[in-house]
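Each remark here refers to the structure printed beneath this line.
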Amino acid sequence: MVIETVDADTGTGTGTNVETGTDPAPATDAAISVIAVANAWLGQDPDPETQAELRLLLRGAGDGDATALAELHDRFDERLAFGTAGLRGAIAAGSNRMNRVLVCQAAAGLAAFLKRTTAPGRVPSVVIGYDGRKNSQVFATDSAAIMAGAGVRAILLPRLLPTPVLAFAVRHLDVGAGIMVTASHNPPNDNGYKVYLGGANQGSQIVSPDDASIAAEILRVAAEERVPDLPRAPYETAPEAVVQAYIDATAGLAHRPRAQVNTVYTALHGVGWDTTRRVFEAAGFDLPTLVDAQIAPDSAFPTVSFPNPEEPGAMDLSYETAREAGAELIIANDPDADRLAIAIPHEGYPGGYRRLSGNEVGAILGWRAAELAASATGDGGATGTLACSIVSTPALEAVAKAYGLRFTDTLTGFKWVSRAPGLIFGFEEALGYLVNPETVRDKDGISAAVALLSLVSDLKAEGITLAQHLDRFSERFGHFASGQISVRVTDLTEIERVMARLRETPPAFVGSLAVDHIDDLSEGFNGLPPSDVLRIRLADGSRVMVRPSGTEPKLKVYLDTSSSNGTVAERRAAAEATLTELDRGMRELIA
């Protein structure tokens with residue numbers, strides 16, 4: 001068990017059976033079975049690369065190579081599950097990997113779902129987008145051709161584009177569904193398949209029970225159909241006007257700049273820059289200095305070990321560029337540009353810049369949204385809802401109370417945040433922000449960048465830095481401190497044991513801090529759907545959330561505390577001291 005500390009923040013293929021030769025020992029029934037399954041898969045795989053790797057594994061297994069046989073079992077004993085996060089995994093052959101066979105089956109299954117659920121008199125329809133990752137365009141065009149062949153109106157976006165453009169297009173084109181081929185900030189060899197629904201879902205990502213219905217259709221296709229036999233048909237390509245409509249709507253989130261800001265931008269080898277550039281230009285902002293080595297899409301992500309701005313080292317090149325430019329602000333998008341990272345000058349940090357946590361950015365963008373809502377009424381009152389995930393800072397609730405706005409906390413994921421009634425702003429601590437719910441019902445790193453840049457521009461015109469604005473937040477609402485403990489495991493049962501132990505023997509203290517009560521969300525809680533989450537409430541008002549990660553083999557612990565007594569410096573010191581004690585106590589409890 002490793003404990004990490006994290007900043008809080010087409011075609012068809014022809015398969016050939018492999019000659020097994022003479023095994024050094026009799027083949028087991030399990031080995032014979034998995035080899036048969038793999039050969040059947042090979043026979044419908046249209047991808048020469050995955051065909052070749054699967055043939056190699058089959059040859060090795062046939063020759064008695066235990067490693068090759070184990071790899072076949074890993075790839076075929078299970079199937080990559082389709083759920084509310086769609087599909088995501090490493091690109092390779094097998095039912096437990098991302099590949100053209102799996103994607104074609106998913107497309108056919110989603111097409112069947114749309115045909116079954118589309119209202120009478122309407123044509124089932126889908127818009128499909130893709131980013132710059134390996135096989136993204138191939139997976140997208142396969143999906144478009146197969147869905148068109150199934151009788152669904154299929155529209156492919158005109159080129160590789162950010163995820164928020166696809167989320168926008170679902171509503172803009174008034175289609176029944178959207179597919180985005182991306183693995184966001186996952187490792188380079190991963191890819192994924194995100195699904196959105198239109199109509200009453202307003203372009204949000206799928207939730208239960210639709211995920212289960214789509215998954216059942218996909219499994220039916222996998223059991224009854226062969227990929228080479230799935231009909232294909234011509235599909236539409238969306239005009240550039242769709243992209244321009246997104247640019248116009250996003251640029252409209254900001255008024256003309258009151259002051260220009262010296263900014264550095266990095267796309268982390270993703271697809272964000274071209275669209276972001278056009279939005280900044282349309283909004284009237286000077287273009288930023290670019291981190292040239294990271295600005296063009298590159299599926300190998302050569303300058304980062306992990307293309308996630310939250311990961312150590314991912315923003316080092318942007319810090320170097322910012323020092324050379326004397327930048328006041330660093331803006332970073334993750335590879336599909338649905339997340340936003342912000343850094344500001346800070347002499348006390350290595351590199352001279354401090355990346356703000358997602359909670360800090362979410363709090364100040366929430367404050368901005370509340371101010372805009374109040375000014376829109378003309379009488380200082382405000383209406384609407386501020387929403388965040390249950391593991392995000394309680395600071396947003398404090399803002400909502402101060403402005404008389406509704407507040408909603410949701411399960412993690414923008415599929416939930418985006419569905420908050422009356423939403424005017426939503427966020428989650430993992431660098432996701434929704435600032436324009438009328439046009440995009442998902443996190444959007446480009447619109448969030450525009451909103452943040454507009455805020456910094458206004459502050460600069462008043463002679464105030466973003467760091468000083470954060471202090472103003474602490475002065476008005478209290479200082480909120482957040483931390484996170486991430487426990488990476490090789491055996492998922494370790495996480496199950498920790499969660500079971502905390503439930504069976506609830507702690508009376510976290511370190512020296514007394515526990516007031518514990519909310520177990522496994523059966524649902526206060527209107528929240530069931531989720532494997534424990535919320536520990538401390539007597540001093542602090543909070544600890546414990547849950548398994550939904551995307552990685554990790555146990556995640558979120559720590560939140562605050563102080564409203566004394567000066568800003570005193571509030572900060574008190575909150576940080578409590579945070580340190582929470583961290584120490586939780587490490588002991590989960591060890």
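Source: prediction; values computed, not measured.
- Contact check for Leu434 versus Phe425: no side-chain heavy atoms found under the 4.5 Å cut-off.
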Determine, stepwise, if the pair Arg220 / Glu217 fulfils salt bridge (charged side-chain N to carboxylate O under 4.0 Å, His left out).
-> CA-CA 5 Å; Arg220 180 192 58 76; Glu217 294 286 5; 3.1 Å; yes
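- Across all their heavy atoms, Ala167 and Val440 have their closest contact at CB-CG1, 3.9 Å.
- Taking every heavy atom of both residues into account, Ala282 and Ala251 meet most closely at CB-CB, 3.7 Å.
- Atom CG of Asp334 is separated from atom NE2 of His269 by 13.0 Å, given to the nearest 0.5 angstrom.
- Judged by distance alone, with hydrogens and angles left aside, the side-chain atoms of Ser375 form a donor-acceptor pair with the main-chain N or O of Leu372 at under 3.5 Å.
- Taking 4.5 Å as the limit, some side-chain heavy atom of Met147 sits within range of a side-chain heavy atom of Leu114.
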Do Val417 and Cys388 pass the side-chain contact (heavy atoms from CB on, under 4.5 Å) test, and can you show the C-alpha distance, the side-chain angles, and the key distance before you say yes or no?
-> CA-CA 6 Å; Val417 175; Cys388 65; 5.9 Å; no
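- Of the possible polar contacts, none joining the Ser447 side chain to the Thr250 backbone as a donor-acceptor pair under 3.5 Å is found.
- Using a 4.5 Å heavy-atom cutoff, the side chains of Leu528 and Val533 are not in contact.
- By the 4.5 Å heavy-atom criterion applied to side chains, Val271 and Tyr130 are not counted as neighbours.
- For the pair Glu428 and Ser392, the tightest heavy-atom approach, listed with the atom from each and the gap, is CA-OG, 3.2 Å.
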Residues Phe113, Val195; criterion side-chain contact (heavy atoms from CB on, under 4.5 Å); working and verdict = CA-CA 12 Å; Phe113 170 83; Val195 177; over 6 Å; no
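- With hydrogens and angles disregarded, a donor-acceptor distance shorter than 3.5 Å links the side chain of Asn333 to the backbone of Gly445.
- A donor-acceptor pair under 3.5 Å links the side-chain atoms of Thr321 to the main chain of Leu317, judged by distance alone.
- Nearest heavy atoms, Ala38 versus Leu72: CB-CD2, 4.1 Å.
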Counting only pairs under 3.5 Å, give me each side-chain donor-acceptor contact of residues 286-300, with atom names and distances, residues two or more places apart or in other chains.
| residue | atom | partner | partner atom | Å |
| --- | --- | --- | --- | --- |
| Gln294 | OE1 | Thr266 | OG1 | 2.5 |
| Gln294 | NE2 | Thr303 | OG1 | 3.0 |
| Asp298 | OD1 | Ala300 | N | 2.9 |

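- Interatomic distance, OG1 of Thr276 versus CD of Glu281, reported as 11.0 Å (0.5 Å rounding).
- In this structure, CD in Glu53 is found 8.5 Å from CG in Asp47, a value given to the nearest 0.5 Å.
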Where do Arg55 and Asp45 land on the salt bridge (charged side-chain N to carboxylate O under 4.0 Å, His left out) test, with the steps shown first?
-> CA-CA 11 Å; Arg55 286 195 182 97; Asp45 188 352; over 6 Å; no
Counting only pairs under 3.5 Å, give me each side-chain donor-acceptor contact of residues 203-210, with atom names and distances, residues two or more places apart or in other chains.
| residue | atom | partner | partner atom | Å |
| --- | --- | --- | --- | --- |
| Ser204 | OG | Asn201 | O | 3.4 |
| Ser204 | OG | Ser418 | OG | 2.8 |
| Gln205 | NE2 | Asp442 | OD1 | 3.1 |

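- Ser143 places a side-chain N or O within 3.5 Å of a backbone atom of Phe139 that can act as its donor or acceptor partner.
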Please test Glu429 against Lys556 for salt bridge (charged side-chain N to carboxylate O under 4.0 Å, His left out), starting from the C-alpha separation and ending with a verdict.
-> CA-CA 13 Å; Glu429 51 75 38; Lys556 305 191 83 170; 5.3 Å; no
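- No hydrogens or angles considered: a donor-acceptor pair under 3.5 Å links the side chains of Asp248 and Gln244.
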In sequence, state the C-alpha distance, the side-chain angles, and the governing distance for Asp336 and Lys443, and then conclude on salt bridge (charged side-chain N to carboxylate O under 4.0 Å, His left out).
-> CA-CA 11 Å; Asp336 69 326; Lys443 56 184 175 291; over 6 Å; no
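- Side-chain contact between Asp338 and Phe414: absent, with no pair of heavy atoms (C-beta onward) separated by less than 4.5 Å.
- Classification of the Phe427-Tyr433 ring pair by plane angle, with boundaries at 30° and 60°, yields parallel.
- Contact check for Asn186 versus Arg133: side-chain heavy atoms found under the 4.5 Å cut-off.
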In sequence, state the C-alpha distance, the side-chain angles, and the governing distance for Phe285 and Val261, and then conclude on side-chain contact (heavy atoms from CB on, under 4.5 Å).
-> CA-CA 8 Å; Phe285 292 108; Val261 182; 6.0 Å; no
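- The distance from the OH atom of Tyr265 to the CG atom of Leu329 is 12.5 Å, given to the nearest 0.5 Å.
- Atom-to-atom distance recorded for Ile331:CD1 and Leu340:CG is 7.0 Å, nearest 0.5 angstrom.
- Residue Arg159 qualifies as enclosed at atom CZ: its count of foreign heavy atoms under 6.0 Å is above 12.
- Summarising the geometry of Ala382 relative to Ala370, their closest heavy-atom pair is CB-O, 4.4 Å, with the distance given to 0.1 Å.
- For the pair Asp142 and Arg100, the salt-bridge criterion is met [side-chain N within less than 4.0 Å of a carboxylate O].
- A side-chain contact (heavy atoms from CB on, under 4.5 Å) with Leu166 is found for one member of Thr182, Leu157, Asp131 and no other, namely Leu157.
- Between the side chains of Arg339 and Ser184, at least one donor-acceptor pair of N or O atoms lies under 3.5 Å.
- Here the rule is side-chain hydrogen bond (donor to acceptor under 3.5 Å, both in side chains) with Arg97, and of Thr50, Asp190, Asp74, Asn191 only Asp74 fits it.
- Other residues, nucleotides and ligands contribute only 12 or fewer heavy atoms inside 6.0 Å of the CD atom of Glu78.
- Here the CG-CD distance, from Asn99 to Gln51, works out to 11.5 Å after rounding to the nearest 0.5 Å.
- Residues Asn189 and Lys134 are in side-chain contact: their nearest non-hydrogen atoms beyond the backbone lie under 4.5 Å apart.
- Here the shortest heavy-atom pairing between Gly422 and Arg406 reads CA-NH2, 3.8 Å.
- Using a 4.5 Å cut-off on side-chain heavy atoms (C-beta onward), His255 and Asp458 make contact.
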Test log, rule side-chain contact (heavy atoms from CB on, under 4.5 Å), inputs Phe280 and Leu453 | CA-CA 9 Å; Phe280 283 0; Leu453 185 55; 4.1 Å; yes
Sequence neighbours excluded and cut-off under 3.5 Å, please list the side-chain donor-acceptor pairs for residues 148-155, or say none.
| residue | atom | partner | partner atom | Å |
| --- | --- | --- | --- | --- |
| Arg153 | NE | Glu236 | OE2 | 2.7 |
| Arg153 | NH2 | Glu236 | OE1 | 3.1 |

